[in-house]
Chemist: 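Dropping a structure here in structure tokens format, bear with me for questions.
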Amino acid sequence: MKLWIVSMECAGIAEAGGVKNVSFSLCKELALLKHEVTLFIPIYKCTSFDLIKDVKDYSGKPVQINHCGKTEAVTYSTAVCTQGNFNVVFINHPSFAEKEGVYTYTANEQEKNPDFIKGFGHKDTLFMDSLFSKAVCAYSSCIEKKDIPDIIHCQDASTALVPCFAAKDPAYEKTATVVTIHNAGPAYHHNFSSIGEAAWYTGLPEAELGGALNDFKVEPFLLASNAGAHITTVSEYYAKELIDPFNIDVTEGLSPIFFKRYTNIKGITNGIDFDRYNPADKNESLLPYEFNPETGDLEGKFKCRDYCVTDVQYMQIPGVKTYGCINVRPQEKDKQIFITYHGRITNQKGISVLINAIPAILNNYETVKFVIAGQGEIKLEQQLIELSQRFNGKVIFLNGYNRESARLVNAIGDFIILPSFFEPCGLEDFISQIYGTLPVANATGGLNKILDYETGFLYRNNTPENLIAKLSEVISIKLYKPALIEEMIQKAATHVHSKYLWRNVIKNEYIPFFESILKD
């Protein structure tokens with residue numbers, strides 16, 4: 001098969017959220033299975049070329065695209081990714097090239113322009129989304145007919161307009177389109193505020209736009225579905241939630257519409273590229289010590305913890321500002337329990353629940369420590385800073401993102417808290433289980449793939465009180481039934497490695513799905 005994977009981000013090239021891992025692994029594993037795969041992605045100021053070779057720049061041959069009342073010149077560069085040897089088409093335009101982050105502004109951009117607030121979405125997001133989608137489809141004018149793909153697979157709302165433009169281009173008459181919903185929560189829809197705004201950016205007929213209304217807003221996901229795209233999402237659990245009419249709030253109004261339209265949403269649970277995290281190989285894991293939870297070898301895990309406590313918290317970590325510290329008294333070292341969190345500091349992730357639960361746990365359990373890493377909403381970040389100051393010696397907050405320190409946080413915990421209000425799939429549970437850290441999660445969406453009391457712990461009704469109760473329970477199990485925890489650690493690591501390898505997910509789920517839609 002010839003497949004185009006269309007994404008605003010990809011691991012190792014331009015990174016933001018979980019979409020990066022899906023995009024990379026799909027491209028890599030499909031290419032290794034001898035399919036002809038091409039990734040389409042913009043070039044940003046933050047783009048890395050460490051994994052890129054054989055770049056060919058076609059900047060002298062711009063394609064003219066009608067966009068927002070003007071003609072925009074877009075150029076393409078082709079290359080090859082060295083990991084998986086899949087093809088890459090970079091889309092070049094100043095609106096992408098000036099951005100230091102994929103979706104949001106950085107602190108450096110805010111320093112240069114106070115209107116560009118750190119962590120907030122780009123002011124020209126809709127311009128970028130629609131231009132990128134038009135540019136992907138316009139690439140048909142640069143290639144031969146034999147190179148037109150069998151399938152165009154678009155990742156999330158930012159690329160969901162591609163099927164609309166492809167449907168109007170005779171070059172793609174025999175091409176099937178797929179849009180994967182990675183997150184349909186509030187602020188993730190990239191929707192247009194009105195039919196008029198949508199018409200301005202897309203150039204699509206008002207009648208077509210009117211068929212994709214969610215209240216007064218025009219939804220890219222609905223436009224894609226109406227244009228004949230097959231809709232998928234990142235777990236079977238989330239697929240059910242997306243068509244549940246009672247999930248109106250956590251889908252910002254989409255689920256009742258999907259339900260009313262009998263929209264078929266295929267749920268394929270994301271996998272994980274185990275080799276990129278393998279704790280038995282520190283060159284891949286980026287951890288300072290090696291260990292193997294699958295065999296019960298955790299010595300290196302605890303060396304990583306000691307390294308974090310004695311050295312890392314005092315270092316200047318690139319991209320990270322450290323607040324608070326962890327103090328471990330030698331006489332209590334064997335009784336210490338480390339609880340971690342790594343991820344976006346946003347309301348969706350249930351950070352408010354975590355912040356309100358931490359004081360009760362620390363007041364009740366002398367030897368518990370919290371290590372929190374991430375960045376996001378300024379108000380929540382400030383509350384975590386205040387918490388680290390209030391409980392200095394017991395709470396450390398690594399504010400920012402650094403790949404090595406993020407993985408270290410995943411690796412050093414006894415437990416990792418995942419209190420998301422909604423979670424389409426979840427990746428941190430996979431990573432933590434691979435690293436011998438058991439997840440404690442709200443039973444929502446893709447987090448339901450955690451096997452309760454086997455590979456982690458689930459709780460329901462996401463309130464601070466319920467999280468406190470669940471953490472109190474797992475702390476007691478750790479203190480009084482350590483053998484059970486060790487057994488769960490080994491089972492969790494083995495379970496993720498055997499069931500959720502991307503290679504297996506693609507062979508068992510994606511390939512049959514792609515073959516089925518090509519027969520339609």
Chemist: State whether K28 and D275 are salt-bridged, where the test is any N-O pair (Lys NZ or Arg NE/NH1/NH2 against Asp/Glu carboxylate O) under 4.0 Å.
Modeler: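 Result for this pair is no, no salt bridge flagged.
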Chemist: Would a distance-only check, ignoring hydrogens and angles, find a side-chain to backbone donor-acceptor pair under 3.5 Å from D156 to S158?
Modeler: no
Chemist: Name all residues meeting the salt bridge (charged side-chain N to carboxylate O under 4.0 Å, His left out) criterion together with E428; count only those two or more places apart in sequence or in a different chain, and write none if there are none.
Modeler: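 Counting only residues at least two positions away or on another chain, E428 forms no salt bridge (charged side-chain N to carboxylate O under 4.0 Å, His left out).
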Chemist: Quick one: does NZ or CZ of K449 land under 6.0 Å from the six-membered ring centre of F430, within 45 degrees of the ring axis?
Modeler: yes
Chemist: I372 and I417: side chain to side chain contact (heavy atoms under 4.5 Å, CB included), yes or no, with the steps?
Modeler: CA-CA 10 Å; I372 301 166; I417 304 178; over 6 Å; no
Chemist: What's the separation between atom OH in Y341 and atom CG in L398, rounded to the nearest 0.5 Å?
Modeler: 13.0 Å
Chemist: Restricting to non-hydrogen atoms, name the atom on L222 and the atom on F258 that form the minimum distance, rounded to 0.1 Å.
Modeler: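 Nearest heavy atoms, L222 then F258: CD2-CE2, 3.8 Å.
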Chemist: Could you tell me which residues satisfy side-chain contact (heavy atoms from CB on, under 4.5 Å) with E173, sequence neighbours excluded, listed by chain and number?
Modeler: none
Chemist: Roughly how far apart are D129 CG and L131 CG, rounded to 0.5 Å?
Modeler: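 Interatomic distance, D129 CG to L131 CG, rounded to 0.5 Å: 10.0 Å.
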Chemist: Could you tell me whether the side chains of H495 and Q433 share a donor-acceptor contact shorter than 3.5 Å?
Modeler: no
Chemist: Looking at every heavy atom in both T263 and I243, which two are closest together, and how far apart are they?
Modeler: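 Taking T263 first and I243 second, the nearest heavy atoms are O-CG2, 3.8 Å.
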Chemist: Would you say F513 has more than 12 foreign heavy atoms packed within less than 6.0 Å of its CZ?
Modeler: yes
Chemist: Return the OG1 to CD distance between T104 and Q110, rounded to the nearest 0.5 Å.
Modeler: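 Reported value, rounded in 0.5 Å steps: 11.0 Å.
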Chemist: Counting only N and O atoms by type, is there a donor-acceptor contact under 3.5 Å from the side chain of N466 to the main-chain atoms of N461?
Modeler: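 Looks like yes, one N/O pair under 3.5 Å.
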Chemist: What pairs with T75 under side-chain contact (heavy atoms from CB on, under 4.5 Å), at least two apart in sequence or on another chain?
Modeler: S59, P62, N92
Chemist: Which value, rounded to the nearest 0.5 Å, describes the distance between L3 atom CG and L39 atom CG?
Modeler: 12.0 Å
Chemist: Under the rule for side chain to side chain donor-acceptor pair (under 3.5 Å), what residues qualify as partners of D249, not counting sequence neighbours?
Modeler: none
Chemist: How close do L161 and S133 get, heavy atom to heavy atom, and via which atoms?
Modeler: CB-OG, 3.7 Å
Chemist: Restricting to side chain to side chain donor-acceptor pair (under 3.5 Å), what partner residues turn up for H153, sequence neighbours left out?
Modeler: Q155, T180
Chemist: Is the shortest distance from a Lys or Arg side-chain nitrogen in R503 or E29 to a carboxylate oxygen in the other one below 4.0 Å?
Modeler: yes
Chemist: Please name all residues satisfying side chain to side chain donor-acceptor pair (under 3.5 Å) with S235, sequence neighbours left out, ordered by chain then number.
Modeler: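 Scan of S235 (side chain to side chain donor-acceptor pair (under 3.5 Å), adjacent residues dropped) gives none.
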Chemist: With under 30° as parallel and over 60° as perpendicular, where do the rings of H67 and Y201 fit, or are they tilted in between?
Modeler: tilted
Chemist: Do E219 and N214 have side-chain N/O donor and acceptor atoms under 3.5 Å apart?
Modeler: yes
Chemist: For the CD atom of Q383 and the CD1 atom of I351, what is their distance to the nearest 0.5 Å?
Modeler: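 So the gap between those two atoms works out to 10.5 Å.
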Chemist: Any idea which heavy atoms bring L126 and N191 closest together, and the distance?
Modeler: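 Here L126 and N191 meet closest at CD2-O, 3.8 Å.
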Chemist: Taking the six-membered ring of F24 as reference, does the cationic atom of R276 (NZ for Lys, CZ for Arg) lie under 6.0 Å from its centre and within 45° of its axis?
Modeler: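 Geometry flag: set, cation within 6.0 Å and 45°.
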Chemist: How long is the gap from CD1 on I117 to CD1 on I378, to the nearest 0.5 Å?
Modeler: 7.0 Å
Chemist: Where do A14 and K20 come nearest, in terms of heavy atoms and distance?
Modeler: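 Of all heavy-atom pairs spanning A14 and K20, the closest is O-CB, 4.5 Å.
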Chemist: List the residues meeting salt bridge (charged side-chain N to carboxylate O under 4.0 Å, His left out) with E381, not counting sequence neighbours, and say none if there are none.
Modeler: K118
Chemist: Go through the steps to decide whether V63 and C142 satisfy the test side chain to side chain contact (heavy atoms under 4.5 Å, CB included), and finish with yes or no.
Modeler: CA-CA 9 Å; V63 172; C142 304; 3.7 Å; yes
Chemist: Partners of N442 by side-chain contact (heavy atoms from CB on, under 4.5 Å), sequence neighbours excluded?
Modeler: T444, Y459, N462
Chemist: Checking R261 against N226: is there a side-chain donor and acceptor pair closer than 3.5 Å?
Modeler: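 Their side chains do contain a donor-acceptor pair, which is all the 3.5 Å distance test asks for.
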Chemist: Verify the distance criterion only: is there a donor paired with an acceptor across the side chains of E197 and S194 at less than 3.5 Å?
Modeler: no
Chemist: Do any N or O atoms from the side chain of H342 and from the backbone of S405 form a donor-acceptor pair under 3.5 angstrom?
Modeler: no
Chemist: Are the ring centres of Y76 and F90 closer than 6.0 Å?
Modeler: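 No, the ring of Y76 stays outside the 6.0 Å limit from the ring of F90, centre to centre.
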Chemist: With no hydrogens and no angle check, just 3.5 Å: does a side-chain donor-acceptor pair link N108 and E100?
Modeler: yes
Chemist: Can you list the residues that meet the salt bridge (charged side-chain N to carboxylate O under 4.0 Å, His left out) rule with D150, with sequence neighbours excluded?
Modeler: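 D150 satisfies salt bridge (charged side-chain N to carboxylate O under 4.0 Å, His left out) with no other residue.
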Chemist: Taking all non-hydrogen atoms of both residues, which atom of V37 and which atom of I5 are closest, and how far apart?
Modeler: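 Looks like CG1-CG1, 4.0 Å.
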Chemist: Please report whether the ring centroid of H93 lies less than 6.0 Å from that of F132.
Modeler: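 No - the distance between ring centres of F132 and H93 does not fall below the 6.0 Å cut-off.
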Chemist: Looking at F49, I want to see if its CZ is surrounded by more than 12 non-hydrogen atoms of other residues, nucleotides or ligands under 6.0 Å.
Modeler: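 It does: F49 CZ has more than 12 such atoms within range.
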Chemist: Please name all residues satisfying side chain to side chain donor-acceptor pair (under 3.5 Å) with E9, sequence neighbours left out, ordered by chain then number.
Modeler: Y103
Chemist: Please enumerate all residues that pass salt bridge (charged side-chain N to carboxylate O under 4.0 Å, His left out) together with K349, with sequence neighbours excluded.
Modeler: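 Testing K349 for salt bridge (charged side-chain N to carboxylate O under 4.0 Å, His left out), a comparison that skips the adjacent residues, returns E423.
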Chemist: Among residues at least two apart in sequence or on other chains, which ones pass side-chain contact (heavy atoms from CB on, under 4.5 Å) with T38?
Modeler: W4, F40, N87, V89
